[in-house]
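What follows is a set of notes on a single structure, which appears directly below.
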Amino acid sequence: MKILLIGKFGQLGWELHRTLLPLGEVTALDYPEINLAEPEQLRSLVRNLSPQVIVNAAAYTAVDQAEREPELAYAINSSAPAVLAEEANALDAVMIHYSTDYVFDGEKRSPYDENDPTNPINVYGDSKLAGEQSVLEMAAAGLVFRTSWVYSLRRGSFVTKVLEWSRQHEVLRVVSDQVSKPTWCRSLAEATVQVLAKSSRDGHPADWIRTHRGLYHLADNGAASRYEWAQAILAFDPEAGQQRTRQIEPAQTSEFPAPASRPLYSVLNCTKFEQTFGLHMPDWRTSLELAMQTP
Ligand SMILES: NC(=O)c1ccc[n+]([C@@H]2O[C@H](COP(=O)([O-])OP(=O)(O)OC[C@H]3O[C@@H](n4cnc5c(N)ncnc54)[C@H](OP(=O)(O)O)[C@@H]3O)[C@@H](O)[C@H]2O)c1
């Protein structure tokens, strides 16, 4: 299988790179070798490489900064996926794309499924929604995986921030009114690769993916508030002896004003993914414990 991976230095991209390798010939790129904000460069690069599978793990993910530079956020998160979907079709290739729980406004109080109405409340969420819609409309062999609260230990994430704060402060205040599914980037990479492996078992991957094309919620199982997540991070910290933090206190989102609003509740129901592909996502605590033991 000839695979083009875009975003190899990102949290998810790095895990995808190592996990995709057994499937075939992987060309892994990131900015500036490939620039999602330059549609013509993007087009010619994809045409030259002529992959059978395009995995787009790159995105504009700076949620607050997106409020200040919406044009760039829309170029990377909305226009580029449309270009990739067009090129994937021209090559009869599979396209895998990732979206976000931030397409929802967070007003619901039970897990969101794929049919729930979207209503993004920030530029990032709106730009990602436009991108996923393009892929869903255009990519004949396209899968969009909507995920949430992605973390890695390799790049700045909520997990690395909490660890950093725990070395500095005796008391941490963490919001308890934002609830979602913390998701280890490795869980996402492995689920993606399992699906691709199934797609190539009986011949042409695009034929198989076409029969399953569409939108899937995909995240680690269970749910937590950021407060509960922070407690678990400190509990699983392999170097807990270095923590100065003696207490974590619950706080409200309204106490920490930020340029972008966040949905307070964005738990994704991932049943469709698990049933369609016969896969099971790990519990978020199991993933977190493993992630924190991984050098
Ligand atoms: N992080 C989350 O909590 C979260 C939650 C829900 C959904 N998602 C989605 O999951 C996917 C993976 O997210 P992630 O957390 O792994 O993202 P990430 O760590 O921020 O990685 C994104 C990658 O895209 C690259 N990139 C940015 N602008 C680019 C451009 N113009 N051209 C080419 N590459 C560019 C980044 O490079 P630089 O580092 O140089 O900018 C980075 O390597 C994304 O679709 C994201 O929207 C993430």
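In listed order, ligands and their atoms are each counted from 1. If you're wondering where the values come from, they're calculated on a predicted model, not measured in any experiment.
- Contact check on Arg173 versus Glu249 returns a salt bridge, with a Lys/Arg side-chain nitrogen under 4.0 Å from an Asp/Glu carboxylate oxygen.
- Within the structure, salt bridge (Lys or Arg N to Asp or Glu O under 4.0 Å) pairs that include any residue of residues 33-44 comprise Glu40-Arg43, Arg43-Glu86, Arg43-Glu87 (at least two apart or interchain).
- Cation-pi check for Arg285 over Trp229 is not met; the charged atom does not lie both under 6.0 angstrom from the ring centroid and within 45 degrees of its normal.
- Sorted by chain and number, the residues within 4.0 Å of ligand 1 by heavy atom are Phe9, Gly10, Gln11, Leu12, Asp30, Tyr31, Ile34, Asn35, Leu36, Ala37, Ala57, Ala58, Ala59, Thr61, Ile76, Tyr98, Ser99, Thr100, Asp101, Tyr124, Lys128, Thr147, Ser148, Trp149, Val150, Arg155.
- Look at Asp64 and Arg262 and you find a salt bridge, because one of the NZ, NE, NH1 or NH2 atoms lies within 4.0 Å of a carboxylate O, short of that distance.
- At a threshold of 4.0 Å, the pair Asp116-Lys108 counts as salt-bridged, since one of the basic side-chain nitrogens sits closer than that to a carboxylate oxygen.
- Taking the centre of each ring, His217 and Phe145 stay at or above the 6.0 Å mark.
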